[in-house]
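Everything below concerns the one structure shown next.
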Amino acid sequence: MSFRKVVRQSKFRHVFGQPVKNDQCYEDIRVSRVTWDSTFCAVNPKFLAVIVEASGGGAFLVLPLTKTGRIDKAYPTVCGHTGPVLDIDWCPHNDEVIASGSEDCTVMVWQIPENGLASPLTEPVVVLEGHTKRVGIVTWHPTARNVLLSAGCDNVVLIWNVGTAEELYRLDSLHPDLIYNVSWNRNGSLFCSACKDKSVRIIDPRRGVLVAENLEEPMALQELDSSNGALLPFYDPDTSVVYVCGKGDSSIRYFEITDEPPYIHFLNTFTSKEPQRGMGSMPKRGLEVSKCEIARFYKLHERKCEPIVMTVPRKSDLFQDDLYPDTAGPEAALEAEEWVNGRDADPILISLREAYVPSKQRDLKVSRRNVLSDSRPAEAGKLEEVMQELRALRALVKEQGERIGRLEEQLGRMENGDA
C-alpha cells in the first residue's frame with residue numbers, strides 16, 4: 001500500500017515578503033525610544049505617520065507616501081502634546097484625520113493638510129481630556145463616524161464622540177490592571193481587550209458589560225518565540241491571514257485561519273537582518289492590486305522606515321478576484337448618534353477591481369452641540385421654544401419669590417405679636 005502526503009490546498013501557501021529598494025524607504029527618521037508596546041507607526045493610502053523623538057514634549061512625523069528618501073531633520077512634525085506620544089491611529093473614514101494619545105493624559109485629533117505639512121502643526125482640531133494617567137491606546141470605531149476609543153494607564157476605557165468633543169461612555173471598573181491592547185470587531189458592536197492580569201475580555205461598550213472573559217480553552221495553540229518583546233498581530237479579514245511581528249524581532253510570521261480544525265495553518269516567515277522597533281499596516285484599499293500585493297507593512301528601524309510587500313505569485317496580469325473580495329471602503333456606515341442609539345452596521349464595501357482612487361476628504365468639524373447633522377432651521381425653532389419656556393419659568397420663580405417674601409414678612413409680624 002502506498003501512502004501519499006496530502007498537502008492542504010490554499011492560495012496563500014506561497015505568499016512571500018520582500019522589502020522595497022533603498023530609494024523607496026524613508027531614511028533618517030529618529031524613531032521614538034519611549035518604552036511602550038504600541039506600533040509607533042500608522043499608515044493609510046495617503047500618509048505615513050511615525051512617532052519620533054522630541055525634546056520638550058511629544059511629536060510624530062506625517063509624510064506623504066511619495067516622500068521617500070532622506071527626511072530632513074527640519075521637516076515639520078505634529079507637536080502639540082506636552083509629553084511623549086505613545087500611540088497614533090488614522091481615521092478609517094477620513095485619510096487626513098489622525099488621533100494621538102500621550103503621556104500628558106490627553107487624546108488629540110488632528111487635521112492634516114491635503115498635501116502634507118508645510119510647517120509644524122501645534123493646534124489640534126480637538127483635545128479630549130478624561131484620563132488621569134498616560135494614554136497608551138487610541139483606536140477608531142470601524143463603521144461609525146467620529147467615534148474614538150482611548151485606553152489609559154488608569155485602567156479606564158473611554159469612548160468619545162470627536163464631532164462634539166464629548167465623552168460617550170466611561171468603562172472604569174472592567175480592568176483591574178494595565179490594558180495592553182484593544183481591538184474592535186468588524187461592525188463595532190463589541191471590542192476585545194488584553195490586560196496585564198492575563199485575561200482577554202470581550203466588552204459591549206454601550207451597555208458597559210463583559211460579554212466574555214478569560215476564555216479558558218483555546219481553539220488552537222501556536223508556540224512563538226516572544227523573548228525579544230511584545231507581539232504585534234495584524235489580521236486581514238478579507239484573506240483570513242494573520243501576520244505576527246515581534247518588537248525587537250527581525251521576522252514576520254504569517255498564518256491562515258480556517259473554520260475547520262486545526263484552525264491555524266502556518267504559511268511562512270519573512271526574515272530580515274534588522275530588528276523592528278514598530279510596524280504599520282496599509283489598509284487593503286492602499287495596495288497595488290496589479291502586482292498581487294495582499295499586504296504591505298512599514299517596518300521601523302532605529303533610523304528609517306522600510307516598506308515590506310507581501311505578494312501572492314501569479315502569472316496572469318488580470319485582476320485576481322479570489323485575492324481581492326470587496327473590502328472596507330472609506331465611507332462611514334453610521335453616524336455617531338445612530339451608533340449610540342443602538343444601531344450596528346457592517347463596513348460599506350468597495351471593489352478594488354479598478355484600483356482604489358482616494359475620494360475628496362472633508363475637513364473634520366467639531367461642534368460642541370450634541371448633534372451631528374446640520375439641522376439649524378429646526379434647531380432655531382426649538383431654541384425659540386426653549387427660550388419662551390425659560391422666560392415663563394423665570395417669571396413664575398419671580399412671582400413665587402415675591403409671595404414667599406410677603407409670607408415671611410407676615411410670619412415675622414405674627415411672631416412679634418404685631419398681627
Within this structure, what is the [atom1]-[atom2] distance for the pair [X] and [Y], rounded to the nearest 0.5 Å?
X      : Y      : atom1 : atom2 : value
His141 : Thr143 : NE2   : OG1   : 4.5 Å
Ser38  : Ile137 : OG    : CD1   : 9.0 Å
Gln111 : Asn94  : CD    : CG    : 5.5 Å
Gln24  : Asn22  : CD    : CG    : 9.5 Å
His265 : Ile257 : NE2   : CD1   : 8.0 Å
Asn214 : Ile202 : CG    : CD1   : 11.0 Å

Could you walk me through whether Leu63 and Ile29 satisfy the side-chain contact (heavy atoms from CB on, under 4.5 Å) test, starting with their C-alpha distance in whole Å, then the side-chain angles of each, then the deciding distance to 0.1 Å, before giving a yes or no? CA-CA 11 Å; Leu63 301 170; Ile29 296 174; 4.2 Å; yes
Considering non-hydrogen atoms only, spot the tightest contact between [X] and [Y] and give its length.
X      : Y      : answer
Leu352 : Val289 : O-CG2, 3.7 Å
Glu213 : Ser199 : OE2-OG, 3.9 Å
Val127 : Pro124 : CG2-CG, 3.6 Å
Lys196 : Tyr180 : CG-OH, 3.1 Å
Gln276 : Ser251 : NE2-O, 3.0 Å
Ile51  : Asp87  : CD1-N, 3.8 Å

Ion pair present between [X] and [Y], side-chain N to carboxylate O less than 4.0 angstrom?
X      : Y      : value
Glu337 : Arg343 : no
Arg303 : Asp28  : yes
Glu302 : Arg33  : yes

Under the rule for side-chain contact (heavy atoms from CB on, under 4.5 Å), what residues qualify as partners of Asp321, not counting sequence neighbours?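 Only Phe319, Arg353 meet the side-chain contact (heavy atoms from CB on, under 4.5 Å) criterion with Asp321.
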Not counting sequence neighbours, which residues clear side-chain hydrogen bond (donor to acceptor under 3.5 Å, both in side chains) with Thr239? List them please.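 Listed in chain order: Asp236.
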Which is it for Thr132 and Cys105 under the side-chain contact (heavy atoms from CB on, under 4.5 Å) test, yes or no, and what are the steps along the way? CA-CA 6 Å; Thr132 57; Cys105 306; over 6 Å; no
Can you confirm whether [X] sits close enough to [Y] that some side-chain heavy atom of one is under 4.5 Å from a side-chain heavy atom of the other?
X      : Y      : answer
Leu65  : Val43  : yes
Leu117 : Thr77  : no
Phe297 : Phe270 : no
Val78  : Met108 : no
Asn115 : Pro64  : no
Val20  : Cys25  : yes
Ile159 : Val147 : yes
Ile252 : Met279 : yes

Qualifying residue, where the test is ring-ring contact (aromatic ring centres under 6.0 Å, His included) with Tyr243 and the options are Phe12, Tyr254, Phe234: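 Testing each of Phe12, Tyr254, Phe234 against Tyr243, the sole residue satisfying ring-ring contact (aromatic ring centres under 6.0 Å, His included) is Tyr254.
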Could you give me the CA-CA distance, side-chain angles and deciding distance for Lys284 and Glu293, then say whether salt bridge (Lys or Arg N to Asp or Glu O under 4.0 Å) is met? CA-CA 9 Å; Lys284 190 61 67 73; Glu293 182 182 357; over 6 Å; no
When you measure from the side chain of [X] to the backbone of [Y], do you find a donor-acceptor pair of N or O atoms at a distance under 3.5 Å?
X      : Y      : result
Thr311 : Pro313 : no
Lys247 : Trp36  : yes
His131 : Val157 : no
Trp160 : Ser150 : no
Lys299 : Glu274 : yes
Gln320 : Leu318 : yes
Arg296 : Gly286 : yes
Asn44  : Asp95  : yes
Ser250 : Lys273 : no
Thr139 : Leu149 : no

Let's go through Trp339 and Asp344 carefully: what are the C-alpha distance in whole Å and the side-chain angles of both, what is the deciding distance for side-chain contact (heavy atoms from CB on, under 4.5 Å) to 0.1 Å, and is it a yes or a no? CA-CA 6 Å; Trp339 181 74; Asp344 290 318; 3.9 Å; yes
Would Arg170 and Leu158 satisfy side-chain contact (heavy atoms from CB on, under 4.5 Å), going step by step from the backbone distance to the final call? CA-CA 5 Å; Arg170 172 176 289 263; Leu158 296 179; 3.6 Å; yes
Name all residues meeting the ring pair (Phe, Tyr, Trp, His ring centres under 6.0 Å) criterion together with His175; count only those two or more places apart in sequence or in a different chain, and write none if there are none.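 His175: no ring pair (Phe, Tyr, Trp, His ring centres under 6.0 Å) contacts found.
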Residues in salt bridge (Lys or Arg N to Asp or Glu O under 4.0 Å) contact with Lys11, at least two apart in sequence or another chain: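 By the salt bridge (Lys or Arg N to Asp or Glu O under 4.0 Å) rule, Lys11 matches no residue at all.
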Tell me, with the steps shown, if His81 and Ser100 meet side chain to side chain donor-acceptor pair (under 3.5 Å). CA-CA 9 Å; His81 284 287; Ser100 58; 2.7 Å; yes
Any side chain to side chain donor-acceptor pair (under 3.5 Å) pairs touching residues 181-191, not counting sequence neighbours?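 Of all non-adjacent pairs touching residues 181-191, those that pass side chain to side chain donor-acceptor pair (under 3.5 Å) are Asn185-Asn187, Asn185-Ser189, Asn187-Ser189.
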What is the ring orientation for Phe47 with Trp90, classed by angle as parallel under 30°, tilted 30 to 60°, or perpendicular over 60°?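 The rings of Phe47 and Trp90 lie parallel, inter-plane angle below 30°.
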Among residues two or more places apart or on two chains, list those pairs meeting ring-ring contact (aromatic ring centres under 6.0 Å, His included) that have a residue in residues 196-215.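 The answer is none; no pair qualifies.
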